[in-house]
**Q** 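Have a look at this one before I ask anything.
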Amino acid sequence: MVDDEGVPLYAVRDGKVDQGTYNGYRRYASACHVCHGPDGLGSTFAPALTDSLKRIDYWQFAEVVTNGRTNKGGATGDRVMPTFGTDPNVMTNLADIYRYLKARSDEKIGRGRPERYKSAS
Ligand code: HEC
């Protein structure tokens with residue numbers, strides 16, 4: 001599901017998530033977790049995306065993931081967000097990764113693997 005502007009929407013029912021959000025969890029775990037920490041909570045060198053998504057919108061999120069970003073310098077050296085624009089495992093699942101992280105950011109789901117609800121369709 002998306003809204004009128006094309007922004008992906010998640011759904012949570014009785015603490016369980018829709019298929020897309022669940023898929024987003026799995027994709028996050030395989031592509032983003034290594035840097036952004038478990039459950040979107042951040043690490044010593046990459047920001048907590050649960051916080052980022054309170055600040056940036058879907059289009060900004062998609063831009064950074066597609067094109068990457070390098071933050072030069074600082075006492076701890078360069079901070080590099082890789083470019084995923086040519087990685088189909090990420091690009092075809094970008095909306096779902098956003099759904100999952102947005103649900104986490106909105107505190108609609110907790111830590112760990114979410115449960116899926118069965119959809120009628
Ligand atoms: C190799 C480590 C690494 C991986 C893997 C990685 N990131 Fe990042 N990401 C970073 C770093 C470091 C930054 C901060 C860059 C900066 O300071 O400008 C960042 C920044 C971001 C931002 C911007 C956050 C903000 O507050 O502006 C988003 C969104 C993001 N990453 C999403 C993702 C997603 C989604 C994935 C998985 C598909 C992912 N990242 C995988 C290291 C990584």
Side-chain angles (χ1 to χ4, degrees):
M1 255 198 325
V2 296
D3 73 8
D4 293 345
E5 268 130 37
V7 175
L9 300 172
Y10 62 82
V12 179
R13 289 185 203 156
D14 300 329
K16 298 182 181 179
V17 301
D18 64 289
Q19 174 63 34
T21 304
Y22 180 78
N23 179 52
Y25 164 81
R26 294 184 52 235
R27 300 294 171 168
Y28 175 86
S30 70
C32 323
H33 175 139
V34 60
C35 291
H36 287 282
D39 312 308
L41 292 172
S43 70
T44 50
F45 64 96
L49 296 177
T50 48
D51 291 337
S52 298
L53 265 54
K54 297 188 201 307
R55 190 166 41 74
I56 64 176
D57 67 17
Y58 174 61
W59 311 110
Q60 293 168 307
F61 170 85
E63 198 280 326
V64 176
V65 180
T66 305
N67 299 318
R69 196 164 79 196
T70 299
N71 199 344
K72 288 261 173 217
T76 53
D78 294 354
R79 301 205 312 166
V80 179
M81 165 64 192
T83 301
F84 285 100
T86 55
D87 183 340
N89 291 321
V90 170
M91 294 317 288
T92 57
N93 293 290
L94 200 55
D96 283 347
I97 296 172
Y98 179 81
R99 287 183 174 99
Y100 163 68
L101 289 169
K102 190 65 178 165
R104 287 279 305 134
S105 179
D106 291 346
E107 295 173 28
K108 300 293 187 202
I109 54 173
R111 298 191 56 173
R113 179 186 289 266
E115 274 190 74
R116 258 176 300 188
Y117 62 74
K118 295 225 176 6
S119 80
S121 56

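The chain is numbered in sequence order, starting from 1. Please read all numbers here as calculations on a predicted model, not as lab measurements.
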**Q** Any idea which heavy atoms bring S105 and T50 closest together, and the distance?
**A** OG-O, 2.7 Å
**Q** Looking only at atom types and distance, does a side-chain atom of S43 sit under 3.5 Å from a main-chain N or O of C35, one as donor and one as acceptor?
**A** yes
**Q** Which residues pass the side chain to side chain donor-acceptor pair (under 3.5 Å) test with D39, not counting sequence neighbours?
**A** R111
**Q** Considering all heavy atoms of both residues, which atom of T21 and which atom of A11 are nearest to each other, and what is their separation?
**A** OG1-N, 4.2 Å
**Q** Any side-chain heavy-atom pair from V7 and Y98 closer than 4.5 angstrom?
**A**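 Yes, close enough: below the 4.5 Å cut-off.
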**Q** Using distance alone, with no hydrogens and no angle criterion, decide if N23 and N93 have a side-chain donor and acceptor under 3.5 Å apart.
**A** yes
**Q** Find the distance between CH2 (W59) and OG1 (T66) and round it off to the nearest 0.5 Å.
**A** 11.0 Å
**Q** Going from CD on E5 to CG on D57, what distance comes out if it is rounded to the nearest 0.5 angstrom?
**A** 9.5 Å
**Q** Is there a side-chain contact between P47 and H36, using heavy atoms and a 4.5 Å cut-off?
**A** yes
**Q** Who passes side chain to side chain donor-acceptor pair (under 3.5 Å) against E115, sequence neighbours left out?
**A**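 Here no residue qualifies.
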**Q** Under 4.5 Å between any side-chain heavy atoms of K16 and R116, yes or no?
**A**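 No, every pair of side-chain atoms sits at 4.5 Å or beyond.
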**Q** Do F45 and V34 sit in one hydrophobic cluster, given that two such residues count as connected whenever their side-chain heavy atoms are within less than 4.5 Å of each other, even indirectly?
**A**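 No, it is not one cluster - the side chains of F45 and V34 are not joined through contacts under 4.5 Å.
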**Q** May I ask you to say whether R99 pairs ionically with D96, meaning some side-chain N is under 4.0 Å from a carboxylate O?
**A**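 Judged by the 4.0 Å cut-off on N to carboxylate O distance, R99 and D96 do form a salt bridge.
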**Q** Drop me the distance from I97's CD1 to K102's NZ, to the nearest 0.5 angstrom.
**A** 16.0 Å
**Q** Going only through I, L, V, M, F, W and Y residues with side-chain contacts under 4.5 Å, is there a path from L9 to I56?
**A** no
**Q** Check whether L49 and V64 end up in the same hydrophobic cluster, where Ile, Leu, Val, Met, Phe, Trp and Tyr are linked by side-chain heavy atoms less than 4.5 Å apart.
**A** yes
**Q** Report the C-alpha separation of R79 and T70 in whole Å, then their side-chain angles, then the decisive distance to 0.1 Å, and conclude whether the side-chain contact (heavy atoms from CB on, under 4.5 Å) test is met.
**A** CA-CA 6 Å; R79 301 205 312 166; T70 299; over 6 Å; no
**Q** When you group the ILVMFWY residues by side-chain heavy-atom contacts below 4.5 Å and let the links chain together, are Y58 and M91 in the same group?
**A**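 Shared cluster, yes.
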**Q** Could you check Y28, Y10, Y22 and say which one makes a ring pair (Phe, Tyr, Trp, His ring centres under 6.0 Å) with Y100?
**A** Y28
**Q** Kindly indicate whether the side chain of M1, heavy atoms from C-beta on, has any atom under 4.5 Å from the side chain of P8.
**A** no
**Q** Let me confirm one number: the CD-CG distance from Q60 to L53, rounded to the nearest 0.5 Å.
**A** 10.0 Å
**Q** Would you please test Y25 and I109 for side-chain contact (heavy atoms from CB on, under 4.5 Å) and show each step?
**A** CA-CA 11 Å; Y25 164 81; I109 54 173; over 6 Å; no
**Q** First locate atom CG of D78, then atom NZ of K72, and finally report the distance between them rounded to the nearest 0.5 Å.
**A**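 One gets 4.5 Å once the value is rounded to the nearest 0.5 Å.
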**Q** How close do V80 and P82 get, counting heavy atoms only, and between which atoms?
**A** O-CD, 3.6 Å
**Q** Run the side-chain contact (heavy atoms from CB on, under 4.5 Å) check on T83 and R69 step by step: do they pass?
**A** CA-CA 7 Å; T83 301; R69 196 164 79 196; over 6 Å; no
**Q** Could you state the interatomic distance from CZ (R26) to CZ (R113), rounded to the nearest 0.5 Å?
**A** 7.0 Å
**Q** Using side-chain heavy atoms (C-beta onward) and a distance below 4.5 Å, is D106 in contact with V12?
**A** no
